[in-house]
Chemist: 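Just passing along the structure, written as structure tokens.
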Protein chains: 2
Amino acid sequence: MDREEIAAAVQRELTVFARRVRGVPQRLHQELPLVAYSMLSSIDAADGCRSVDLVTLYRLDKSTVSRQVGDLERRGLVAKTTDPAHGRGQVLAVTPAGRALLHEAAATRQAELTRRVATWSDEELAAFAAALQRYNAAEPD
Amino acid sequence: MDREEIAAAVQRELTVFARRVRGVPQRLHQELPLVAYSMLSSIDAADGCRSVDLVTLYRLDKSTVSRQVGDLERRGLVAKTTDPAHGRGQVLAVTPAGRALLHEAAATRQAELTRRVATWSDEELAAFAAALQRYNAAEPD
DNA sequence: CCGCTAGGTTGTAAAATGCAACTCTAGGAA
DNA sequence: TTCCTAGAGTTGCATTTTACAACCTAGCGG
């Protein structure tokens with residue numbers, strides 16, 4: 001198998017993964033679909049982040065992020081604070097309720113993943129994580 | 001980093017990938033968005049496949065596949081034939097026009113991928129492909 | 001003090017999807 | 001043979017997610 005074939009295989013597998021994931025949202029966790037989950041977990045991870053940061057992380061439109069963050073806020077999972085230190089924009093923070101729901105959902109997802117990779121060695125899993133990280137880090141433009 | 005942390009990293013990276021991909025469809029290839037592309041390429045790869053096969057491959061609803069295949073047919077990229085050998089159901093085939101468009105789109109996507117993994121060695125890329133394959137092959141239920 | 005611009009929101013339209021109800025027909029049972 | 005069941009596909013309908021565009025708002029630099 002030459003490099004081109006390998007690349008084609010990567011392409012194929014990424015496509016399958018991407019397509020399958022589209023439906024998963026509500027199936028996995030009723031209250032926190034993939035979209036909301038990813039937002040919430042990013043806000044939690046990147047301390048003091050603003051909506052713009054999510055725009056660049058996920059390469060989404062401002063409006064999309066605005067709506068989703070708005071939804072999270074309306075549900076009491078996220079709080080917007082106007083931090084004068086950051087000048088313009090609002091700093092986002094996960095509320096205790098948000099954190100609770102997030103941990104619950106994370107556990108569910110983690111369990112699912114753990115089952116899928118049950119037969120993988122630690123080394124194999126670590127290599128996979130590193131490769132994904134590297135792939136995602138590459139600039140698309 | 002213990003196994004749990006590694007798993008969390010995998011989770012995180014897969015999420016980022018999944019979220020980013022959602023928007024890509026029309027951006028990458030005007031005529032053949034990700035959804036149509038994946039259908040067409042699967043029909044091309046799995047010779048004599050039926051709609052049901054796509055349902056199981058991508059874990060989509062029958063209706064979704066029906067509409068998408070219908071769209072491809074209306075655009076003259078796919079032909080449905082009622083093969084008596086298969087009993088019920090219709091066997092799908094990519095038309096010459098479909099194949100042409102498919103190859104064109106594949107080239108575009110391949111180029112994009114190639115750029116992203118330009119710094120990867122053959123071994124690294126092959127390992128990535130294998131890991132993805134393994135991940136996708138795991139039964140989710 | 002004033003315009004510029006980054007950050008965010010809202011209106012609108014499109015795509016993708018799932019569920020449910022329906023049709024059609026091949027294949028087996030009686 | 002006839003009938004009934006189950007597999008394959010289609011269509012109606014609602015929902016979610018998204019992009020684009022127009023808009024608003026308030027810091028920041030001059």
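Order of the sequence lines sets the chain letters (A, B, ...), proteins ahead of strands, with each chain counted from 1.
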Chemist: To the nearest Å, how far apart are B:L34 CG and C:dT17 P?
Modeler: 9 Å
Chemist: Can you name the side-chain contact (heavy atoms from CB on, under 4.5 Å) partners of B:A8, sequence neighbours left out?
Modeler: A:Q110
Chemist: Spell out, as yes or no, whether a donor-acceptor pair under 3.5 Å connects the side chain of B:R20 to the backbone of A:L57.
Modeler: yes
Chemist: Please check the phosphate of C:dT17 (OP1 and OP2 only) for any side-chain N or O of B:Q68 closer than 4.0 Å.
Modeler: yes
Chemist: Quick one: salt bridge (charged side-chain N to carboxylate O under 4.0 Å, His left out) partners of B:K62, sequence neighbours excluded?
Modeler: none
Chemist: Between the protein and nucleotides 6-8 of chain D, are there any N/O to N/O pairs under 3.5 Å, and if so, what are the atom names and distances?
Modeler:
unit_1 : atom_1 : unit_2 : atom_2 : d
D:dA8  : OP1    : B:R50  : NH1    : 3.1

Chemist: Evaluate the side chain to side chain contact (heavy atoms under 4.5 Å, CB included) criterion for residues A:L92 and A:R50: first the C-alpha distance (whole Å), next the side-chain angles of each, then the deciding distance (0.1 Å), finally the verdict.
Modeler: CA-CA 6 Å; A:L92 306 174; A:R50 297 161 303 159; 5.6 Å; no
Chemist: Got a salt bridge between A:D71 and A:R67, using NZ or NE/NH1/NH2 to carboxylate O under 4.0 Å?
Modeler: no
Chemist: What's the CG-C1' distance between B:D53 and D:dG9, to the nearest Å?
Modeler: 13 Å
Chemist: Could you check how far CG of A:L60 sits from P of C:dA15, rounded to whole Å?
Modeler: 19 Å
Chemist: Roughly, in whole Å, what's the span from CG in A:L72 to P in C:dG8?
Modeler: 14 Å
Chemist: Among D:dT10, C:dT10, D:dT18, find the nucleotide with the atom closest to the side chain of A:S66.
Modeler: C:dT10
Chemist: Tell me which of A:V69 and B:T64 sits closer to the 5' end of DNA chain C, going by the nucleotide each one is nearest to.
Modeler: A:V69
Chemist: With a 3.5 Å distance limit and no angle check, can you tell me whether B:T82 reaches the backbone of B:Q90 through a side-chain donor-acceptor pair?
Modeler: no
Chemist: Ignoring the backbone of A:R67, work out which of D:dT17, C:dT17, D:dA19 is nearest its side chain.
Modeler: D:dA19
Chemist: Side chain of B:S63 only, heavy atoms from C-beta on: which candidate in C:dA16, D:dT10, C:dC19 is closest?
Modeler: C:dC19
Chemist: Rounding to an integer number of Å, can you tell me how far B:Y58 OH sits from C:dA16 P?
Modeler: 14 Å
Chemist: Please give, in whole Å, the distance from C:dA16 P to B:L32 CG?
Modeler: 11 Å
Chemist: Measure CG/A:L92 against C1'/C:dT9 and give the value in whole Å, please.
Modeler: 14 Å
Chemist: Specify the residue among B:D61 and A:D61 whose closest nucleotide of DNA chain C lies further upstream toward the 5′ end.
Modeler: A:D61
Chemist: Between A:R19 and C:dA16, is there a side-chain N or O to OP1/OP2 distance below 4.0 Å?
Modeler: no
Chemist: How long is the line joining CZ of B:R74 and P of D:dG9, in whole Å?
Modeler: 16 Å
Chemist: Using the six-membered ring wherever Trp is involved, compare the ring planes of B:W120 and A:Y135 and label them parallel, tilted or perpendicular (cut-offs 30° and 60°).
Modeler: perpendicular
Chemist: Is there, by distance only and without an angle test, a donor paired with an acceptor across the side chain of A:R22 and the base of C:dG18 below 3.5 Å?
Modeler: no
